[in-house]
Amino acid sequence: KQEVTQIPAALSVPEGENLVLNCSFTDSAIYNLQWFRQDPGKGLTSLLLIQSSQREQTSGRLNASLDKSSGRSTLYIAASQPGDSATYLCAVGELYNTDKLIFGTGTRLQVFP
Amino acid sequence: DTEVTQTPKHLVMGMTNKKSLKCEQHMGHRAMYWYKQKAKKPPELMFVYSYEKLSINESVPSRFSPECPNSSLLNLHLHALQPEDSALYLCASSQSGDEQFFGPGTRLTVL
């Protein structure tokens, strides 16, 4: 059974720092991996989608990498801003049931001025 | 347009009530999803519709009844819920197992 873990559970950093969020999964047979952000009480906003054949994806200040063999993905946020404060979730798409996402436990990020 | 809409935003219901949640997307996506999210927890998949047919039911109690009237619309009918069913209910859509787009959610409180 696929299990997805995110470390750290919470992170508080000053504005301007570059930071890395980690996502680990136990079964390397994945279809894709998606990163989301969620503001309190709101829905999920898709940030980046990495297909299983890809190694990384970039969007603005965000860069996500994928290492299937080691069961890891990282989300790199450059020059963090207070508006980046949110919970970040990674989710793994199952290879044999591509409609099913298994979510990680989330990292709650606070960026202070 | 990558928008998924959900109504209502908030819902308070008693344990004997019948209510429905509605979700709509106009992106031409062929798959639509219902998730349940409790506070400080990740979303949990409930149901998936693919091409308007129920393809995944994650052993959800029968007091939750999904319906997909057409390719753009997804409903979740609620009946005889319990207080522990109080949660944020999220709808999502995607094309062919690809990127999932989520709506803003319905905050449900069961008294």
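As the structure is a computational prediction, the values presented were derived from the model and not from experiment. Below, chains carry the letters A, B, ... as their sequence lines are ordered, and counting in each starts from 1. Excluded from the calculations below are hydrogen atoms, water molecules and symmetry mates; all remaining heavy atoms, backbone and side chain alike, are included.
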Worksheet item: Going by residue number, which parts of residues 33-43 of chain A are within reach of chain B, meaning a heavy-atom gap below 4.5 Å?
Response: Gln34(A), Phe36(A), Gln38(A), Gly41(A), Lys42(A), Gly43(A)
Worksheet item: Which answer fits Leu89(A), side chain, backbone, both or neither, if we ask what part of it has an atom under 4.5 Å from a heavy atom of chain B?
Response: side chain
Discussion item. Please rank Val4(A), Leu49(A), Leu44(A) by heavy-atom pairs under 4.5 Å with chain B and give me the top one.
Written reply: Leu44(A)
Worksheet item: With a 4.5 angstrom heavy-atom cut-off, which part of Gln37(B) approaches chain A: side chain, backbone, both or neither?
Response: side chain
Discussion item. For a salt bridge (Lys or Arg N to Asp or Glu O under 4.0 Å) check, start with the C-alpha distance between Arg30(B) and Asp99(A), then their side-chain angles and the critical distance, and finish with the verdict.
Written reply: CA-CA 11 Å; Arg30(B) 61 98 184 141; Asp99(A) 282 332; 3.0 Å; yes
Worksheet item: When you measure from the side chain of Glu44(B) to the backbone N and O of Phe103(A), does any donor-acceptor pair fall under 3.5 Å?
Response: no
Discussion item. One pair to check against side-chain hydrogen bond (donor to acceptor under 3.5 Å, both in side chains): Ser69(A) and Asp67(A). What are the steps and the verdict?
Written reply: CA-CA 6 Å; Ser69(A) 60; Asp67(A) 184 344; 2.8 Å; yes
Discussion item. Main chain of Val111(A), side chain of Ser85(A): is a donor-acceptor contact present, judged purely on distance under 3.5 Å?
Written reply: yes
Discussion item. Does the plane of the ring in Phe102(B) sit parallel, tilted or perpendicular to the ring in Tyr35(B)? Use 30° and 60° as the thresholds.
Written reply: tilted
Worksheet item: Do any N or O atoms from the side chain of Gln25(B) and from the backbone of Met27(B) form a donor-acceptor pair under 3.5 angstrom?
Response: yes
Discussion item. Just to be sure I understand the criterion: a residue of residues 56-68 of chain B counts if one of its heavy atoms is under 4.5 Å from a heavy atom of chain A. Which ones qualify?
Written reply: Ile56(B), Glu58(B)
Discussion item. With side-chain hydrogen bond (donor to acceptor under 3.5 Å, both in side chains) as the criterion, how do Ser65(A) and Thr74(A) come out once you've worked through the C-alpha distance, each side chain's angles and the decisive distance to 0.1 Å?
Written reply: CA-CA 5 Å; Ser65(A) 67; Thr74(A) 59; 2.6 Å; yes
Discussion item. Quick one: does any side-chain atom of Ser73(A) pair with a main-chain N or O of Leu66(A) as donor and acceptor, under 3.5 Å?
Written reply: no
Worksheet entry | Residues, nucleotides or ligands: over 12 heavy atoms within 6.0 Å of Lys18(B) NZ | no
Item to complete: Determine, step by step, whether Asn63(A) and Glu56(A) satisfy the side chain to side chain contact (heavy atoms under 4.5 Å, CB included) criterion, reporting the C-alpha distance in whole Å, the side-chain angles of both residues, the deciding distance to 0.1 Å, and the verdict.
Response: CA-CA 7 Å; Asn63(A) 175 277; Glu56(A) 66 177 335; 2.9 Å; yes
